[in-house]
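First comes the structure, then the notes that go with it.
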Amino acid sequence: MRKTHGWGLLMAVLLAVPALPQAAPAPEAMLGAALHQERVTGNLQEAIEGYRKLLATKGVPRSLAAQAQYHIGICHEKLGNQEARKAFENVVRNFPDQKDLATQARQRLAALDGGTKHTGGLTARQVATGPDVDIGSITLDGRLMAMTHWETGDVAIRDMAAGQIKRLNLKTSWNDSGDFAEWPVFSPDQRQIAYAWYSNKDGNYQVRLVAAETGAKPRTLVSNPELEYFQTAGWSRDGKSILAGIWRKDRTAQLAWISAGDGSVKVLKSLEWRSPQRIVLSPDGRHIAYDVLQKQDGPDRDIYVLAADGSSESALVEGPAHDAAPFWTPDGSRVVFLSNRSDPMDLWSIAVREGKPHGAPQFVMADIGNVEPIGFSRSGSFHYVQNRSDEDIFAVDMDPVTGKGRGPAVRITQTFVGQNQRAAWSPDRKWIAYHSRRGHSRYGPGAMSLVVRSVETGEEKVFPSNLQVVRSRPVWFHRGSAILEPAGDPQGNISFHKVDLGTGKFELLRATGARFRPVFSLASDDKTIYVWMRNEETKTGGVVRFDLSTGEQTRIYTPPDRVFVTGLSLSPDGRTLAIMLSVLEGEKRRQQVAVVGMDGSGFRRLVESVEALVPVLGLAWSPDSRYVYFVRVKKPESEVWRAPAAGGAVENTGVAAKVLKHIHLSADGTRLAFTAGARANPELWVLENVLPALKASR
Amino acid sequence: MTAVLWLALAFGARLEARLPEPPLGLDLYMPAPEDNPLTPQKVALGRRLFFDKKLSRDRTLACAGCHDPARAFSDGRAVARGIGGAEGKRNSPAILNRGYGSSFFWDGRAPALERQVMQPILDPKELRLSVVELERRTGLKAADVARALASYVRTIRSGGSRVDRFFAGRRDALNAAERAGLALFRGKANCVACHVGPNFTDERFHNTGVAWRDSRLADEGRFAVTGKSEDRGAFKTPTLREVARTAPYMHDGSLASLDKVVDFYSEGGRPNPHLDPEIRPLRLSGEEKAALVAFLKALNGRVRDGWR
């Protein structure tokens, strides 16, 4: 098994490179630099050049040379180049002593044989795409899939052969309520569906049960404010109990059986903050496979098998690689899972006997990608969902006087396209910081990295961490040498971290011990933030002056009852806060943009809108503190407007884009950065002939 | 009953009996080594050995001497006392729900219960018996004594407290002050940073500053096991179950009451070069401290031991 490389180590290697300007770089540094190009910046051609230079260097240790040769193959494979084969053949021929790499190279060659990306007769075909595609649970006969219908939040059943979708009409549209279903799973007789249900009114999740028929009345099995979230994962064979993942109020996770009769909960195992991503019951109902974080503050997972009666447990796949998303084969003899052990995300499997691993993991298919598996049908078809996104960060020139956009918006970076969000200009506008999804996990600690890009040269510095980045942008300290990053701790409480851009070190500035959406602005003293904090116990909130150095809090503005602050931005002169408010009137909502003085006085409404405005990160100020910028949500393109802070007519800036959000205006008012684009329709895929491939791999 | 018969009962045919379901709040799954599965016979033998004073050199003390069921399997003293009144340097921990544990003793030096249970028997400051004498007196192999004692200790379980009932959905199980204490426990006081899960412990090691005296560490704690600098003065997080019954507190028994423990953490522990970053001044008000203590007292539940 090849150890995955730690980004911290990579960065350390990279940082060491400029310190040796006269000497030839050490081979380790050369490898680190090339890996950086491959994995961090995504520049594969540069990476290949780096690996070739390393191979041409005299005295390179064979272990490093083999890695370089192997990664040339990986890069070519990603680029779809035929040279991949030659590179892997070189590893097999020239580095037989590097056994792990030689084995992996052989597996890559096997994957390339057959003329397609898929191996051993495996074929993938797209079954459906559209807004009504989602992960769900598929029946063993492969006929039906229960899933969430995200157009409405309802439970739906997809007829896999006919492609038709039948909704259960638990709700008819988002206008009914903000409620929605998740993780629907069929009972063994396919007559009932258990699912998690978010009740917007109660503000919590429940476990419910409903007959698998349109119009059936659901029954609530579990509704307990102490239990915040559920993943309904399967049924006992007798149909009396539902297997579920439960997340408690302190965000710790548990595996449990829930009685389908009275909703009583029997906890099998507590997992602390090492949340499972997928929990799957074996076809004979005797074992549960699940993946958990290796560390609560890291992104990598391992897979375990627990006896369904809680009598024993075994580690199925443990090691430094990321192994996740387990699924049982229809005969229960193997578990198939995703793993990055041979670099990209591949499909692997492992034999299981009596709940224990039987032999080593076997390679099944190369580079399946970061998909969301659904599971097997009895025939051996493996279903999964592929998600794609065209969301990215853009910049547009602005006239600082008129506030109008000049010319078209351009994509800020060409690396990790579709994975970048929430950009912020440095005070001198020479750099732009943003979040980039660079980990193999879609969510959780380490999923997002901080990137700082030079506006002039395009040089990008990546600051990976295991922080659980929350939905806030990186905020520059006013000297421009550090960035303030809010993050969630395992309990969900918000903490603030300082990222030193010189050293790359993350320093915990303040743990708040409170959960809130970090809608905030940093004052010019670089230690005070203005933040919207809401106490979930008392259901009250307000804008608070929060001293990061002492933790002292002073409330400066309390909105009226049923009014919530959804956005906040401090004026450049430090005298005024722009706030976005959501006003609840019965079931309807109105949006407002307003300004308020730093002592909470002088509230002035600037915009009143029944149309949606972009909330968090949807406000910006002109450099002279005279205008407040905001975003109107429109289709097909949302628009950036501005309102005079003193009151008066609002103006359209002419900047518009599809699903535009996260605006940030440079300090000189000449450039506006924003996020735009959306998740593309998910695709439902089926991989055929998996069982023969598994047999062949034994 | 002869030792031979005990052996036959304890380690003979594998029985399929399963440990009865745990009290409310605990996991159904309890890890046990493959070579020491729980059986009623072994548990019964372990229970007998646990209370048997022949396991001490002068036949005056049993395991239960420091782990008294009437005190939630603790002893009420600041530090443990062995035969002849010899004082140890650490507090006798309440051995509750240790079957769910991953390392044992305040410094975690024993990786399994089977290893842990033998050390006090052989320790010159505790029961001071030799292996030879242990085997002679019990008629059992030392390894079998260890397996039986470990099996019994796995059955000592505490659960079913009012907090467990509250977590299970009984909203009236805690009063207003206790609910306020729970909110502090999870929020401002951030006790859940270490006291987490069904057993209210992360099974990890933290330096809270208790061992920092006169600008030095009076006890190096986990460091003595790992040699890692970050483990200096770090001790394992104890369970909070039955905590109101297990005073005095901390690894050295230096805090006499729960009020004093809460005061200690409210002040931010005792600053020292290796203080855990999660320990910081909380500045709790008197009302908040009282609420927190009220919540901790609600963790008293039912303690069961043996195959029942």
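Just so it is clear: chains get the letters A, B, ... in the order the sequence lines come, proteins before strands, and each one is counted from 1.
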So what's closer than 4.5 Å to chain A heavy atoms on [X]: side chain, backbone, both or neither?
X        : answer
B:Leu26  : backbone
B:Phe166 : both
B:Glu278 : neither

Quick check for you: among [options], which has the greatest number of heavy-atom pairs under 4.5 Å with chain B?
options                      : result
A:Gln296, A:Gln254, A:Glu272 : A:Gln296
A:Ala514, A:Pro490, A:Pro225 : A:Pro225
A:Asp250, A:Leu508, A:Asp309 : A:Asp309

Given that the side chain runs from C-beta out, which part of [X] has a heavy atom under 4.5 Å from chain B: side chain, backbone, both or neither?
X        : value
A:Thr252 : side chain
A:Leu255 : neither
A:Ser264 : neither
A:Thr550 : backbone
A:Lys266 : side chain
A:Trp273 : side chain
A:Ala511 : both

What residue, out of B:Gly197, B:Ala32, B:Gly25, B:Ala193, has the most heavy-atom pairs lying under 4.5 Å from chain A?
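Winner by heavy-atom pair count: B:Ala193.
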Do B:Asp164 and B:Ser161 have a side chain donor and acceptor closer than 3.5 Å?
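Yes, side-chain donor-acceptor contact under 3.5 Å.
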Could you check whether [X] pairs with [Y] (Lys NZ or Arg NE/NH1/NH2 to Asp/Glu carboxylate O, under 4.0 Å)?
X        : Y        : answer
B:Glu114 : B:Lys42  : no
A:Asp547 : A:Arg545 : no
A:Arg286 : A:Glu354 : yes
A:Glu226 : B:Arg170 : no
B:Asp263 : B:Lys289 : yes

Nearest 0.5 Å, please: how far is OH in A:Tyr195 from OG1 in A:Thr232?
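Rounded to the nearest 0.5 Å, the OG1-OH separation comes to 10.0 Å.
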Using the test side chain to side chain donor-acceptor pair (under 3.5 Å), find all partners of B:Asn199 that sit at least two apart in sequence or belong to another chain.
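Here the qualifying residues are B:Asn97, B:Thr239.
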Could you point out which residue of B:Leu296, B:Val163, B:Thr237 forms a side chain to side chain contact (heavy atoms under 4.5 Å, CB included) with B:Phe200?
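Result for side chain to side chain contact (heavy atoms under 4.5 Å, CB included) with B:Phe200: B:Val163.
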